Amino acid sequence: MRAFLKKMVGKAPESVVELAKVVYDLTPPRMRYGKPYVDAVNLLAAGERWSVEELASYRDTRLVKLIEHCYDHVPYYRDAFDASGIVPSDIKGMADIANLPFLTKRIVRERKQDLVADNFPYLQQDREHTSGSTGAPLDFLLDRETRAMEMALALRVLLWLGYTQGDRVAEFKEDRFADPRRISRYFPGSRHLKFSFFTVDDDKLDRMVGELERFRPVFIKAFPSSILVLARWMERNGRAIPPPKYIVTSSENLYPSIREHAERVFQAPVIDYYGQNERVATAFQCQLAGGYHVQMEEAAVELIPSRGDQCEIVGTSLTAFGMPFIRYRTGDLAIPASEPCPCGRSHPLISRIVGRGCDVIVTPERNIVAPVAMDYAFYHLEEIREAQIVQESIDTLRVKIVPWESLSDMTRGTLLREIDSYLQSPTMKVIWDEVGEIPRTAGGKRPFVVSRINVDEYI
Ligand SMILES: [Zn+2]
């Protein structure tokens, strides 16, 4: 239904599409997303009560079905399995999955057509795109079961945090409106107040905080880079809103300084939601212990040892039968947990999401500098509104700075000294670039580190 509607209204003027979304939102989700959504919600409800063994058994049953389907209907996999001498009956569950080849972004790009199942109905094909803020963009197709599971998981994360129907939610994510002066739009069906954060200035931030004061959200959902700007503006201007229950961040790395700012200013805990547009692995931070619970009903997730104690997240979607992603390498790094979570949930735990593999800086001396510490250097300085580090080549780093008003020599000097102390590189050239704005990606994201080099070549 959603893919079909998107195809129908895709060519209408932006303002019409925007209003259509508000009306669409008035339909209950069960009608909006249909049977796949009802099935996903029911599955997640059952999954809440399952033991680890029951979750694993469900996952293995789906895996067997997926592999059989791929062999029968997806040319790329039939070739790949034949080339590796694998027949579907070899795969009985997760224990056998290591025999299957990895799927990479490059393969998706080069063999896209061969990855689409020959029985995937055209009207159910929903185009998806990753903007490639830290790599090349990627186009692929999603099916309604995968979309429905995503919606059901977005509900589950709130339910785990105590959401009840009718709770007000403010959202600072990828929305933008036909009228660029408009800062928000209310969706009465889901009681979501959605803000556009693509371009913000003092006046817009002031109006946004005013709307938040009146709206009194129970939950705030935001990209980390947006909540950081908002929190720092509120702190600078001595503004506060009634504390929400939780702030849920997603889609960008959540650096410790962002969490600190947001928790201090909003007086509410931040919970991080890990996922990616390819929907091959989702994990929510646990409000009790801080680790991330892997959502086993959605995908078979593997943690493949990468660097030191870090592992790459590799995922197989259990719902995507239209364009299946089997053992897809996300490029994201995580540290597995050694102990189960004290909350008692059966969903396995990742202790920490380190971030995207390419989200690191590599010096000409081949030292790896993780931005996780560096962002402190930027955001404890009062005069800096936003910042981004772009590694343009192995020996060139461009530091983009958006000041609130202007930058003093002292701030500039302090920051350059701190960057030097993190890099420890006598040969890295640092270009200082003061800009009026750092553009967000088409999806509304603004990563702290952008790497234009192939990190894997150097480490
Ligand atoms: Zn837990």
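The structure presented is a predicted model; accordingly, all values stated were derived computationally and were not measured. FYI, the numbering just counts along the sequence from 1.
Between Glu312 and Arg329 a salt bridge is recorded (basic side-chain N to carboxylate O distance below 4.0 Å). A salt bridge is defined here as a Lys NZ or Arg NE, NH1 or NH2 lying under 4.0 Å from an Asp or Glu carboxylate O, and Arg156 with Glu48 meets this definition. Classification of Asp39 and Lys35 as a salt-bridged pair holds, one side-chain N sitting under 4.0 Å from a carboxylate O. Between Glu128 and Arg147 there is a salt bridge, since at least one side-chain N of the basic residue sits less than 4.0 Å from a carboxylate O of the acidic one. A salt bridge links Arg279 to Glu150: at least one charged side-chain nitrogen sits closer than 4.0 Å to a carboxylate oxygen. Contact check on Glu297 versus Arg59 returns no salt bridge, with no Lys/Arg side-chain nitrogen under 4.0 Å from an Asp/Glu carboxylate oxygen. Here Arg207 pairs with Asp203 in a salt bridge; the nearest charged N to carboxylate O distance falls below 4.0 Å.
If you take CG on Leu228 and CZ on Phe378, they are separated by 12.0 Å, rounding to the nearest 0.5 Å. Distance check: Asp175 CG to Ile183 CD1 gives 13.0 Å after rounding to the nearest 0.5 Å. The distance from the NZ atom of Lys105 to the CD1 atom of Ile107 is 12.0 Å, given to the nearest 0.5 Å. Rounding to the nearest 0.5 Å places OH of Tyr273 at 9.5 Å from CG of Leu158. Expressed to the nearest 0.5 Å, how far CD of Gln388 lies from CZ of Phe448 amounts to 9.0 Å. Cys343 contributes atom SG, which lies 3.5 Å from atom NE2 of His293 (distance to the nearest 0.5 angstrom).
Figure legend: cation-pi geometry between Arg327 and Phe102, with NZ or CZ positioned under 6.0 Å from the six-membered ring centre and within 45° of its axis. Seen from the ring of Tyr76, Arg111 does not count as a face-on cation partner, given the 6.0 Å and 45° thresholds. Relative to the ring axis of Phe197, Lys173 does not place its NZ or CZ within 45° and under 6.0 Å from the centre.
Applying the 6.0 Å contact sphere to CZ of Arg264 captures more than 12 heavy atoms from other residues, nucleotides or ligands.
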Problem - Test log, rule side chain to side chain donor-acceptor pair (under 3.5 Å), inputs Glu252 and Ser225 - result: CA-CA 8 Å; Glu252 293 171 351; Ser225 60; 2.9 Å; yes
Practice task
May I have the step-by-step check of side-chain contact (heavy atoms from CB on, under 4.5 Å) for Leu153 and Leu44, ending in yes or no?
Solution key: CA-CA 8 Å; Leu153 286 171; Leu44 295 187; 3.8 Å; yes
Exercise for the section: Evaluate salt bridge (Lys or Arg N to Asp or Glu O under 4.0 Å) for Arg446 paired with Glu386, printing each intermediate quantity in order. Expected result: CA-CA 10 Å; Arg446 201 226 56 216; Glu386 285 183 85; 2.5 Å; yes
Handout entry: Evaluation steps, side-chain contact (heavy atoms from CB on, under 4.5 Å), between Leu161 and Val248
Key = CA-CA 10 Å; Leu161 299 173; Val248 181; 3.7 Å; yes
Problem - Verdict with supporting geometry, Ile335 and Ile350, side-chain contact (heavy atoms from CB on, under 4.5 Å) - result: CA-CA 6 Å; Ile335 298 173; Ile350 288 174; 5.8 Å; no
Exercise for the section: Take Arg239 and Asp206, measure what salt bridge (Lys or Arg N to Asp or Glu O under 4.0 Å) needs, and give me the verdict at the end. Expected result: CA-CA 9 Å; Arg239 298 278 291 274; Asp206 184 28; 2.7 Å; yes
Problem - Trace of the side-chain contact (heavy atoms from CB on, under 4.5 Å) decision for Glu18 with Arg182 - result: CA-CA 12 Å; Glu18 204 173 302; Arg182 177 182 274 279; 3.8 Å; yes
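Among the candidates Tyr274, Tyr246, Trp160, the single residue satisfying the ring pair (Phe, Tyr, Trp, His ring centres under 6.0 Å) test with Phe284 is Trp160. Remark: of the listed residues Phe223, Phe177, Phe172, Phe172 is the sole one forming a ring pair (Phe, Tyr, Trp, His ring centres under 6.0 Å) with Phe195.
Trp50 has its ring centre no less than 6.0 Å from the ring centre of His347.
The side-chain heavy atoms of Leu212 and Leu230, taken from C-beta on, include a pair separated by under 4.5 Å. Counting only heavy atoms from C-beta outward, the side chains of Arg185 and Val22 approach each other to under 4.5 Å. Counting only heavy atoms from C-beta outward, the side chains of Leu318 and Met296 never approach each other to under 4.5 Å. Within the 4.5 Å cutoff, the side chain of Leu103 has no heavy atoms near those of the Ile326 side chain. In this structure, the side chains of Tyr37 and Leu155 come closer than 4.5 Å at one or more pairs of heavy atoms. Within the 4.5 Å cutoff, side-chain heavy atoms of Glu302 are placed close to those of Met94. Between Val209 and Ile241 the shortest side-chain heavy-atom distance falls below 4.5 Å.
Side-chain contact of Ser51 with Ser346: a donor-acceptor pair under 3.5 Å is absent, judged by distance alone. A donor-acceptor pair shorter than 3.5 Å cannot be found between the side chains of Tyr77 and Asp114. Between the side chains of Ser57 and Glu54, no donor-acceptor pair is found at a separation under 3.5 Å. Ser184 and Glu211 share a side-chain donor-acceptor pair at under 3.5 Å. At a cut-off of 3.5 Å, with distance as the only test, no side-chain donor of Gln391 or Ser451 sits close to an acceptor on the other residue.
Considering only residues two or more places apart in sequence or on other chains, Val270 meets the side-chain contact (heavy atoms from CB on, under 4.5 Å) condition with Ile247, Thr249, Leu254, Arg259, Ala262, Glu263.
Looking only at distances, no side-chain donor or acceptor of Glu298 sits under 3.5 Å from a matching main-chain atom of Val280. Checked by atom type and distance alone, the side chain of Arg30 never pairs as donor or acceptor with a backbone atom of Val38 at under 3.5 Å. Of the possible donor and acceptor atoms, one in the side chain of Thr441 sits under 3.5 Å from a partner among the backbone N and O of Gly443. Judged purely by atom type and a 3.5 angstrom limit, Arg176 has no side-chain atom pairing as donor or acceptor with the backbone of Phe198. Under a 3.5 Å cut-off, the side chain of Glu68 and the backbone N or O of Asp72 do not form any donor-acceptor pair. Asp25 contributes a side-chain N or O that, together with a main-chain N or O of Gly189, makes up a donor-acceptor pair within less than 3.5 Å. No donor-acceptor pair closer than 3.5 Å links the side chain of Glu174 to the backbone N or O of Gly444. Side chain of Gln285 to backbone of Asp272: a donor-acceptor contact under 3.5 angstrom is found. Using a distance-only test at 3.5 Å, with no hydrogens or angles considered, no donor-acceptor pair links the side chain of Asn253 to the main chain of Tyr255.
Between Ala387 and Ile438, the shortest heavy-atom contact is C-CD1, 3.6 Å. Summarising the geometry of Glu437 relative to Pro439, their closest heavy-atom pair is O-CD, 3.7 Å, with the distance given to 0.1 Å. Considering all non-hydrogen atoms of both residues, Ser250 and Pro224 come closest at O-CD, 3.3 Å.
Ring geometry for Phe140 against Phe325 counts as tilted: the plane angle lies between 30° and 60°, on a 0 to 90° scale. Between Phe321 and His69, the angle of the ring planes lies from 30° to 60°, which puts this pair in the tilted group. A tilted orientation is assigned to the rings of Phe219 and Tyr163, their planes being inclined by 30° to 60°.
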